[in-house]
Amino acid sequence: GQQLNQSPQSMFIQEGEDVSMNCTSSSIFNTWLWYKQDPGEGPVLLIALYKAGELTSNGRLTAQFGITRKDSFLNISASIPSDVGIYFCAGRINSGGSNYKLTFGKGTLLTVNP
Amino acid sequence: GAVVSQHPSWVICKSGTSVKIECRSLDFQATTMFWYRQFPKQSLMLMATSNEGSKATYEQGVEKDKFLINHASLTLSTLTVTSAHPEDSSFYICSARDQASGDEQYFGPGTRLTVT
């Protein structure tokens with residue numbers, strides 16, 4: 001099925017650095033979501049964005065819903081070792097006909113060197 | 001809140017046998033649950049959408065007779081992999097849609113299936 005273009009594919013950073021990753025799509029979504037997945041576990045919802053232009057923070061995480069509704073970015077400030085994991089963006093069309101299905105990006109593998 | 005469990009967390013079975021995986025929403029009711037499959041170092045691929053009280057909707061290329069889905073209650077959906085083969089070995093993850101919380105999907109911890 002369709003996938004979002006998520007970049008970068010992987011990042012190696014030093015503890016304390018800021019991180020930025022983004023997702024783009026050829027089609028419009030009503031909702032953008034960011035998940036984090038640790039090895040051998042299911043994804044955990046980090047941030048949900050519901051309106052074009054919306055900027056939302058969750059602790060050291062900040063995400064924005066692009067004005068065109070075709071993109072989103074996630075920033076992590078002052079990274080710490082426990083930020084290690086795979087980050088996925090996901091887009092959703094909010095209608096019963098779509099069954100509220102999510103379309104996922106391919107993920108960004110983040111490694112933080114202490 | 002919004003906790004989803006899966007059972008078992010891992011299972012090893014022999015080729016030709018069937019395996020059932022359970023997905024439960026523990027603190028909310030979910031009329032819709034989703035089943036995903038994830039191969040190593042890859043993203044989640046949606047297999048099917050499970051709606052309580054009705055037949056599941058399968059994504060293109062997913063065999064409905066091989067991956068049987070039942071959503072008999074508002075808190076439980078099951079995925080049965082029938083006549084399993086080694087190529088069915090994968091990480092299976094379910095999610096449940098919480099209509100009371102922005103329609104967000106909350107994921108279970110996943111089930112690692114190994115078919116020998």
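Within every chain, numbering begins at 1; the chains are lettered A, B, ... in the order of the sequence lines, protein sequences first and strands thereafter.
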Fill in: ring pair (Phe, Tyr, Trp, His ring centres under 6.0 Å) partners of B:Y92, counting only residues at least two apart
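Once residues adjacent in sequence are excluded, B:Y92 has no partner under the ring pair (Phe, Tyr, Trp, His ring centres under 6.0 Å) criterion.
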First locate atom [atom1] of [X], then atom [atom2] of [Y], and finally report the distance between them rounded to the nearest 0.5 Å.
{"X": "A:E41", "Y": "B:F107", "atom1": "CD", "atom2": "CZ", "value": "14.0 Å"}
{"X": "A:I86", "Y": "B:L44", "atom1": "CD1", "atom2": "CG", "value": "9.5 Å"}
{"X": "A:L45", "Y": "B:S95", "atom1": "CG", "atom2": "OG", "value": "11.0 Å"}

Worksheet item: Who in residues 49-62 of chain A is close to chain B, using a strict under-4.5 Å heavy-atom cut-off?
Response: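 Interface residues of residues 49-62 of chain A: A:Y50.
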Taking side chain as everything from C-beta outward and backbone as N, CA, C, O, which of these in [X] sits under 4.5 Å from a heavy atom of chain B? Side chain, backbone, both or neither.
{"X": "A:L102", "value": "both"}
{"X": "A:L33", "value": "side chain"}
{"X": "A:Q6", "value": "neither"}

Item to complete: Answer yes or no: is there a side-chain heavy-atom contact under 4.5 Å between B:K41 and A:L109?
Response: no
Interchain contact, [X] with chain A, by part (heavy-atom threshold 4.5 Å):
{"X": "B:Q60", "answer": "neither"}
{"X": "B:Q38", "answer": "side chain"}
{"X": "B:T57", "answer": "side chain"}
{"X": "B:L46", "answer": "side chain"}

Worksheet item: With distance as the sole test, does B:R97 use its side chain to make a donor-acceptor pair with the main-chain N or O of A:K101 at under 3.5 Å?
Response: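 Answer holds: no.
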Worksheet item: Under 3.5 Å, side chain of B:S43 to main-chain N/O of A:F104, donor-acceptor pair present?
Response: no
Discussion item. In this structure, is the centre-to-centre distance between the rings of A:Y100 and B:F34 below 6.0 Å?
Written reply: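 Not close enough - the centres of the two rings lie 6.0 Å or further apart.
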Worksheet item: In terms of heavy-atom pairs under 4.5 Å with chain B, which of A:P43, A:G107, A:G42, A:A48 leads?
Response: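 Most heavy-atom pairs within the cutoff with chain B belong to A:P43.
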Item to complete: Might you confirm whether atom NZ of A:K36 has over 12 heavy atoms from other residues, nucleotides or ligands at distances under 6.0 Å?
Response: yes
Worksheet item: Would you say A:W34 and A:L4 are hydrophobically clustered, going by side-chain heavy atoms of ILVMFWY under 4.5 Å?
Response: yes
